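So you know, we letter chains A, B, ... as the sequences are listed, proteins then strands, and number each from 1. Just so it is clear, the values below take in all heavy atoms, side chains as well, and ignore hydrogens, waters and symmetry mates. Model, not experiment: these values are computed from the prediction.
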Amino acid sequence: MVESKQQWKAWLYLAPAIVLLLVFTVWPIINTVAMAFMENYSGLVKVGGDSAFRIGFGNFVRVAQNSEFQSSLTNTILLCVITVPVSTVLALLIAVALNAIKPLRNALQTIFFLPYVTNAIAIGMVFAAMFNIVGSIGGRREIIVTAGIVNNIIEFFGGQKVNWINIGSTYWANMAVMIIYIVWNALPFKILILTSGLQSINKQYYEAAKVDSTPRWRVLTRITVPLLSPMLAYVVITGFIGGFKEYTSVVGIFGEGMGPAHDPGRLNTMVGLIYDSLATNNQGRASAAALYLFGIILVVTLINLQVSKKRVHY
Amino acid sequence: MKIVLRNLTKIFPSRNKKSNEEVVAVNDFNFEIPDGKLIGLLGPSGCGKSTTLYMISGLQKPSGGRIFFGDDDVTDLPTEKRGIGLVFQNYALYPHLTVLQNILFPLQNLRGEDKMTKDQMLDRATKVARLVQIENLMDRKPSEMSGGQQQRVAIARALVKMPRVLLLDEPLSNLDARLRLQTREEIRRIQKETGITTVFVTHDQEEAMSISDMIVVMKSGLVQQIGAPQEVYNDPANLFVAKFLGTPPINVFSGRVRGGRLFIGEDDVMAVGGVGDGEVTVGIRPEGFIPDANGALRCRPVNLEVMGRDVSVISTHPASLKEEIRSIINADLSVDVSGETIRYSIKPHKIFLFGKDDEERIRFEVK
């Protein structure tokens with residue numbers, strides 16, 4: 001019974017963390033759920049005062065009917081569905097290549113990891129500068145100071161410059177910039193996880209494959225990927241969770257307008273929408289939107305886990 | 001397919017950049033492995049036996065010398081084009097694939113003329129599985145099998161593509177004693193049935209002696225002796241080989257030759273014709289002792305171990321280079337270890353003389 005005597009000590013040590021988590025994590029979650037079900041809840045009106053809120057699904061209905069919610073949801077899902085697979089495959093190929101070279105491996109690993117330690121907004125601003133056209137576009141008197149480094153490269157190779165993010169840019173041009181930015185930003189963490197995973201694979205499997213004259217592509221698909229599958233599952237699941245919370249990347253490139261100047265809010269995401277609702281004191285709707293997001297992440301993660309049960313070899 | 005190793009040498013550069021110490025893992029190895037034979041590469045760890053095997057496989061590049069399969073020079077041929085089967089010490093079975101998938105894996109890699117249909121592959125895999133007696137385990141994963149079963153799967157995977165040469169790296173070291181005995185017989189049987197030239201590496205002399213057609217004893221990168229196991233045992237080229245082969249190990253004494261007679265300590269053991277006077281090292285196999293009231297070698301008995309068919313007498317002698325002398329004596333002969341001394345006469349073909357310094361064998365005529 002020594003353990004039970006010692007238990008109060010354990011609780012004592014855990015207390016600071018528990019208290020902080022209760023106050024700043026658990027209670028807000030409970031509160032969010034509560035607010036979501038209070039019709040028209042607003043932080044400007046006192047709870048339980050003269051005007052108690054009716055309980056109901058009104059917030060959920062109103063959020064779902066909101067066209068901005070629908071476009072935010074579409075944006076978020078599109079970004080997720082495109083960037084997670086693309087960044088995972090790229091990270092896998094880069095990790096395998098990094099693992100195959102000896103000289104410069106450490107230097108390259110460091111370079112590939114740099115974006116991870118760089119501020120997202122700062123990277124966003126650099127990306128914005130790369131795609132930004134300075135001057136006036138279109139019209140009879142087009143003046144272009146610089147078309148941005150990306151357009152310069154395209155033009156160097158004989159292509160037509162693209163209006164990526166400025167006034168008059170198309171939705172898919174905007175999305176393309178977002179996808180490139182998010183993929184680039186997501187790579188370092190994935191490469192880090194996958195290279196460390198690769199290094200833990202027994203070299204003898206590759207020697208055995210060599211003895212059996214296995215073609216390279218087959219080594220990758222039949223040996224590396226299955227043996228790396230726990231890491232890949234981890235990277236994909238956390239990638240989706242992070243993807244559904246996409247927000248700062250859009251702010252980094254388009255600013256708080258969440259879209260090009262002629263169509264603000266066009267690239268808004270779920271998290272962006274929640275912030276917008278909070279800013280206009282629609283805490284009830286913000287909570288409902290947050291719960292929608294929670295539900296989506298939950299379902300996607302469950303699907304991911306279900307798939308990985310069949311495909312992942314521990 | 002015979003394998004010819006000509007002046008095969010492997011030098012590992014020093015790991016430490018400051019020192020220039022190179023490690024010569026294999027030094028000028030010459031050997032022609034006859035077609036269809038089972039060859040055991042034998043030696044203590046670090047003797048270069050595994051390096052030799054991996055050079056034959058192509059996974060390591062020799063620093064010098066050539067390797068031929070038949071008449072083809074394969075020295076510069078990459079592993080994947082050599083058509084070898086290799087069984088790794090830890091088997092290296094793909095953990096995420098079933099036994100069947102593991103065995104099929106090499107066949108699925110075949111391209112061009114050798115490409116097989118699914119049915120052909122399945123047929124071949126089943127045949128090999130039957131050969132190594134694992135046909136009832138085909139749906140298991142490697143982690144769900146015992147070491148011996150994994151071993152067989154590894155052999156099946158190596159055999160399924162009908163390799164020109166089969167290489168085994170310490171194939172039995174992960175098995176328990178009983179399984180080791182059983183599996184080595186198995187390897188012998190499979191090798192005989194398939195007739196594939198097989199080279200295997202081991203540090204266990206008993207293992208090598210029991211199943212090899214020929215053994216190659218190595219030490220510090222140098223080949224010490226090549227020959228049929230019994231031949232090498234009966235006629236060791238030097239003290240190292242004599243010591244390395246045989247359980248219990250050979251007994252070693254410091255001795256002296258004077259006037260054509262061999263002295264161990266004070267004991268005038270026997271006549272050795274054709275050997276000049278001087279100090280020698282004497283090796284006597286445990287089975288070379290005959291208890292004899294008039295025997296020349298006088299030892300002090302310590303203990304008697306009864307092993308049924310034989311008895312093992314532990315004794316000491318002042319000139320012995322080891323603490324104890326172990327002699328194996330037929331249990332039918334009566335041995336008295338209660339006295340102060342036990343006297344032996346020595347079977348002349350079980351006693352070997354070696355140079356005191358170079359440890360090379362000194363041959364003598366029995367008179």
Within 6.0 angstrom of [X] [atom1], more than 12 heavy atoms from elsewhere:
X      : atom1 : value
B:F12  : CZ    : yes
B:D139 : CG    : no
B:R6   : CZ    : no
A:I149 : CD1   : no

key: B:E80 vs A:D212 side-chain heavy atoms within contact, under 4.5 Å   =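 No. Closest side-chain heavy atoms not under 4.5 Å.
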Within [range], residues adjacent to chain A where the heavy-atom gap is under 4.5 Å:
range                       : answer
residues 47-77 of chain B   : B:Y54, B:L59
residues 94-116 of chain B  : B:Y94, B:P95, B:H96, B:L97, B:F105, B:P106, B:Q108, B:N109, B:R111
residues 190-200 of chain B : none

query = How many angstroms lie between atom CG of B:L86 and atom CD of A:Q204, to the nearest 0.5 angstrom?
reply =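 Taking CG in B:L86 and CD in A:Q204, the distance rounds to 8.5 Å.
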ask   = With chain A, which of B:K81, B:Q89, B:R157, B:K141 has the greatest number of heavy-atom pairs at distances under 4.5 Å?
value = B:R157
request  = Quick one: which of A:R218, A:E207, A:K210 has the most heavy-atom pairs under 4.5 Å with chain B, could you say?
outcome  =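 Top count of heavy-atom pairs under 4.5 Å with chain B: A:R218.
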request  = Could you pull out all residues at least two apart from A:K245 that satisfy salt bridge (charged side-chain N to carboxylate O under 4.0 Å, His left out)?
outcome  = none
